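Below is one structure, written out as structure tokens; the observations come after it.
Treat the numbers as computed from the prediction; the structure is a model and nothing was measured. Counting starts at 1 for both ligands and their atoms, following the listed order.
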Amino acid sequence: MASALVSSAQAQTDRRLGFALVGLGSLSTNQIAPALQKTKQCRLAGIVTGTPAKEQIWADKYNIPRKNIYNYDNFDRIADNPDIDVVYVVLPNALHGEFTVRAAQAGKHVLCEKPMEVSARKCAEMIEACKKAKRRLAIGYRCQFTPHHLEMIRLAREKTFGEVKLIEASFGFRIGDPSQWRLKHELAGGGALMDVGIYALQAARYVSGEEPIEVFASETKTDKVKFKEVDESIAWSMRFPSGLMANCATTYLVGGMNRVLAAAEKGWFQLDPAYSYGGLKGKTSKQEMELPQIDHFAAEMDDFANCILKNKPTKVPGEEGLRDVKIMAAIYDSIRKGRPVRVA
Ligand code: NDP
């Protein structure tokens, strides 16, 4: 009896959780679906798409049964589908809230892409819906699962080079197609900051191990037509309780800014590139970091599945996404006011 119980508990934790991807755009197609094939505890079980032409392509490529294919209207029927354990929301930012809430109400755990949503109010609704449904919610902060970022955190926590005093973090790229949703405020909620500046913000937070108490930001817009609705380039600083400062920047105008540097009392450590899907490079004032490259998305999804199966907390819960959205709101507020702003 006891051994039967042990083996049934083992079978439960060895199980692969069924993931359904919502929104089959670039990230789902090129990163997440291929990553799912490399996971140990997950499998691509279903899809949710608003583009009928994608249904057959995905069904054929990933062997997805017809009954596990949904669109945005009939999505709520996923409640009756035991093949799906986790819904992974990979939609434009301002749709994350609606689909997270609907997934939770359908009894599914939710992994939601960054940024969590476009307002703190929407993030709070997502957290509440998952709590009410007793389902897990995690945000797709893939970098937190990579050996390189974990090493940055270790060097800071263990004070290998003494106390970290200053951090520089930046991420930007040259955005193409002027008609895409990323340039529409209603769908994106913001521009470069919400899209990629969030990586620099995250890195400053987890490397410092502190929460910023004040931000001071300014922006520049050289293309007022393309960036009519969202921010183009922002530089901001953050002050932390210990006195540590972080200088950060983001842009949609040029590539090449992709790093985090921590300057400590007796040396420094950095990643450059820091936030790409692969090929991360780390270095300290003493030596190069020799660390394996991994699939960030496979690690992120396996971690979430593991948390669900073993009933452990995730290190990237909704509260973590909400914190970033609040800090980004303070950054926009600082730009409007032209002065430092306290973070709520
Ligand atoms: P895409 O534009 O490539 O894809 C978005 C998909 O969402 C579309 O293909 C479409 O899928 C669906 N969709 C539903 N409604 C709309 C709408 N009104 N406008 C446009 N698309 C719609 O975006 P990405 O895949 O690059 O980004 C999706 C999310 O993932 C974003 O939140 C982004 O911030 C995040 N992301 C995270 C990254 C990371 O490294 N963690 C990297 C890149 C993006 P369908 O046709 O199936 O309905």
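- Annotation: cation-pi geometry not satisfied between K114 and Y199 (NZ/CZ under 6.0 angstrom from ring centroid, within 45° of ring axis).
- In this structure, F171 has its ring center under 6.0 Å from that of Y275.
- The six-membered or imidazole ring of H149 lies near that of Y206, with a centre-to-centre distance under 6.0 Å.
- For ligand 1, the 4.0 Å heavy-atom shell contains residues G23, L24, G25, S26, L27, T49, G50, T51, K54, Y72, V90, L91, P92, N93, L95, H96, E113, K114, P115, G140, R142, W181, R182, L187, D195, Y199, Y277, F297.
- Residue A35 comes nearest to M301 through the heavy atom pair CB-CE, 3.9 Å, listed as atom of the first residue, atom of the second, then distance.
- Annotation: side chain to side chain donor-acceptor pair (under 3.5 Å) contacts involving residues 320-344, sequence neighbours excluded, comprise Y141-D324, Q144-E320, Q202-E320, Q202-D324, R205-E320, R205-D324, D231-Y332, D333-K337.
- A centroid separation of 6.0 Å or more is found between the aromatic rings of F304 and Y88.
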